[in-house]
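One structure is given here, and the rest of the page talks about it.
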Amino acid sequence: MRVAKHLYNRGFVITIIMIIIWTTGCRDGLPTAPPVPNTTNLVKDAAEPSKTFGIIYPMAHPFYEMVTRHAQEAARSNNIQLIVKAPDEANLEQQIRMMETMIKMKVDGIAIDAVDSEALVPVINKAVNAGIPVICFESDSPNSERLSFIGTDNYEAGALMGEVLGGLLNKKGMVLVETGMLKMSSLMERLEGMLHYINEETEIQVLEVRYNEGSEALAMTDLEEMIDAHPHFDAFIALDLISGSTSVLVWKAKGLSRYALTFGMMPEIKEAINNGQITSAVSQNEHEWGQRIVDMLLLASEGKEIPVFANTGTVEITGKTLFKVPDL
């Protein structure tokens with residue numbers, strides 16, 4: 001009985017000590033249960049986007065990745081969500097479906113680089129009639145109810161390309177030309193402006209004009225076939241992005257030293273100019289497009305007036321002027 005009483009007293013004391021330790025937390029360095037996190041501030045900080053804008057490109061291409069990056073920077077500073085879509089290759093039906101999807105989502109604004117200026121009129125008008133402001137960039141749809149066009153005067157840009165070409169060839173020689181989609185307004189206007197200048201101001205002969213319709217494979221085939229058919233050509237003119245990128249590959253593979261001119265600036269073209277695969281590029285100051293797209297859609301979505309034409313101008317970039325090219 002004495003042993004049992006002793007054990008009982010000892011157990012009682014141990015129990016009291018444990019209760020004291022438990023209630024005093026970590027005073028003696030023992031760990032305590034982690035506090036329950038307060039999520040109130042987290043919920044407040046995760047603000048919902050003020051608006052949602054859609055951007056639809058004619059195709060997936062590194063050139064448009066640059067535009068997206070600048071647009072995202074502008075969107076973040078205004079708490080705007082961007083939905084960016086592009087067909088794998090230039091495709092009218094996919095652009096129409098992307099527009100329809102954004103209309104159903106009731107986005108606050110859409111910017112589209114139209115692959116077919118006329119065929120996209122109904123769906124652009126549908127968006128505008130649903131209360132969604134639409135702007136075009138690079139390639140316009142002037143007969144639609146779009147509110148604005150961001151880009152350059154493509155006819156004048158084509159004429160500038162003709163003038164650059166005339167200076168390189170002393171207004172004489174034979175050239176090959178490749179462009180993209182037949183019904184893309186920007187490309188039609190560039191070709192028209194360039195051909196008008198060449199025919200009126202020079203004695204340059206255009207040997208062939210081909211259309212790749214937004215296909216990289218076709219652009220490669222076209223260029224190789226034209227070079228084989230006209231081995232004594234003096235210059236190649238790329239009026240679209242794909243033809244320009246393709247010419248860089250062909251010039252590298254064949255080690256060609258002929259003149260090669262293109263439209264649009266991006267890191268790939270900048271490097272090609274520096275390495276001699278591209279002689280000259282006509283830039284439309286594309287690095288401004290992303291910011292301008294967001295700014296224009298923001299104003300339009302707030303019911304404010306925006307300019308019908310936001311001209312970003314053109315500039316010729318050569319090896320001598322690469323240092324002037326801003327961060328892309």
Side-chain angles (χ1 to χ4, degrees), residues 58-59 61 63 89-92 113-119 138-140 151-251 254 256 258-264 269 272 277-284 314 316:
M59 71 196 82
H61 193 278
F63 174 83
E89 292 187 348
N91 185 284
L92 171 62
D113 188 341
V115 299
D116 190 319
S117 59
E118 291 301 322
E138 186 180 26
S139 191
D140 198 9
T152 190
D153 182 324
N154 280 289
Y155 182 92
E156 293 298 327
L160 173 60
M161 180 66 83
E163 184 178 352
V164 170
L165 179 64
L168 290 172
L169 299 182
N170 196 26
K171 297 189 176 183
K172 296 180 181 180
M174 299 179 291
V175 301
L176 306 173
V177 179
E178 174 112 18
T179 186
M181 297 192 75
L182 179 62
K183 296 182 179 180
M184 196 166 181
S185 67
S186 59
L187 303 182
M188 291 189 292
E189 291 164 4
R190 288 175 195 171
L191 179 60
E192 184 181 356
M194 185 188 73
L195 292 178
H196 183 266
Y197 181 90
I198 288 175
N199 292 333
E200 294 294 324
E201 303 294 337
T202 77
E203 298 178 17
I204 293 172
Q205 180 184 1
V206 178
L207 299 173
E208 268 196 81
V209 177
R210 292 203 184 189
Y211 298 82
N212 60 53
E213 293 297 332
S215 168
E216 292 182 357
L218 182 55
M220 180 68 74
T221 300
D222 281 348
L223 183 51
E224 290 179 340
E225 288 181 354
M226 285 193 293
I227 291 173
D228 289 342
H230 310 282
H232 302 297
F233 76 100
D234 297 298
F236 171 71
I237 312 299
L239 295 179
D240 70 310
L241 299 171
I242 289 179
S243 300
S245 297
T246 299
S247 71
V248 174
L249 298 176
V250 172
W251 260 238
K254 294 180 176 292
L256 293 176
R258 317 292 175 81
Y259 294 121
L261 291 76
T262 189
F263 268 88
I269 298 301
Q277 287 99 25
I278 295 291
T279 311
S280 177
V282 173
S283 168
Q284 304 164 79
T314 53
E316 181 197 1

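Summarising the geometry, atom CD belonging to Glu192 is positioned 12.5 Å from atom CG belonging to Leu239; distances are rounded to the nearest 0.5 Å. Here Asn154 contributes atom CG and Met161 contributes atom CE; the two are 11.0 Å apart, rounded to the nearest 0.5 Å. Residue Ser283 holds its OG atom at 11.0 Å from CD1 of Ile269, rounded to the nearest 0.5 Å. Atom CD1 in Ile198 sits 11.5 Å away from atom CD in Glu163 (nearest 0.5 Å). We find the CG-CE distance between Asp140 and Met184 to be 11.0 Å, quoted to the nearest 0.5 Å. Annotation: the span from Leu207 atom CG to His232 atom NE2 amounts to 11.0 Å, rounded to 0.5 Å.
Using a 4.5 Å heavy-atom threshold, the side chains of His61 and Ser245 count as touching. Side-chain contact between Lys171 and Glu203 is absent, with no heavy-atom pair separated by less than 4.5 Å. Counting heavy atoms from C-beta on, the side chains of Glu225 and Glu208 never come closer than 4.5 Å.
The shortest heavy-atom contact between Val177 and Leu191 is CG1-CD1, 4.3 Å. The shortest non-hydrogen separation linking Gly244 to Ile278 is O-CD1, 4.3 Å. In terms of heavy-atom proximity, Ala272 sits nearest to Val248 at CB-CG2, 3.7 Å. Taking every heavy atom of both residues into account, Arg190 and Asp240 meet most closely at NH1-CA, 4.4 Å. Contact record, Ala235 with Leu165: CB-CD1, 3.7 Å, taken as the closest heavy-atom pair. For the residue pair Leu176 and Ile227, the shortest heavy atom distance occurs at CD1-N, 4.2 Å.
Using modelled atom types and a 3.5 Å distance limit, the side chains of Glu138 and Ser186 yield no donor-acceptor pair. With no hydrogens or angles considered, a side-chain donor-acceptor pair links Ser243 and Asn212 at under 3.5 Å.
Summarising the local packing, CD of Glu216 is surrounded by 12 or fewer heavy atoms from other residues, nucleotides or ligands at distances under 6.0 Å. Applying the 6.0 Å contact sphere to NE2 of His196 captures no more than 12 heavy atoms from other residues, nucleotides or ligands.
Proximity of a side-chain donor or acceptor of Glu89 to a complementary backbone N or O of Met59 within less than 3.5 Å is not detected. Without hydrogens or angle criteria, Thr314 side chain to Ala157 main chain gives no donor-acceptor distance under 3.5 Å. A donor-acceptor pair under 3.5 Å links the side-chain atoms of Asp153 to the main chain of Tyr155, judged by distance alone. Panel note: side chain Asp234, backbone Val175; no donor-acceptor pair is recorded below 3.5 Å. Between the side chain of Thr279 and the main chain of Ala260, a donor-acceptor pair closer than 3.5 Å is present.
Using a cut-off of 4.0 Å between Lys/Arg side-chain N and Asp/Glu carboxylate O, Glu224 and Arg210 are scored as not salt-bridged.
Ring geometry, Phe233 versus Trp251: the interplanar angle exceeds 60°, so the pair is classed perpendicular (tilted spans 30 to 60°).
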> Could you go step by step and tell me if Val115 and Lys183 meet the side-chain contact (heavy atoms from CB on, under 4.5 Å) rule?
Replying inline: CA-CA 7 Å; Val115 299; Lys183 296 182 179 180; over 6 Å; no
> Which is it for Thr246 and Asp222 under the side-chain contact (heavy atoms from CB on, under 4.5 Å) test, yes or no, and what are the steps along the way?
Replying inline: CA-CA 10 Å; Thr246 299; Asp222 281 348; over 6 Å; no
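Listed by chain and number, the residues in a ring pair (Phe, Tyr, Trp, His ring centres under 6.0 Å) with Phe263 amount to none (sequence neighbours excluded).
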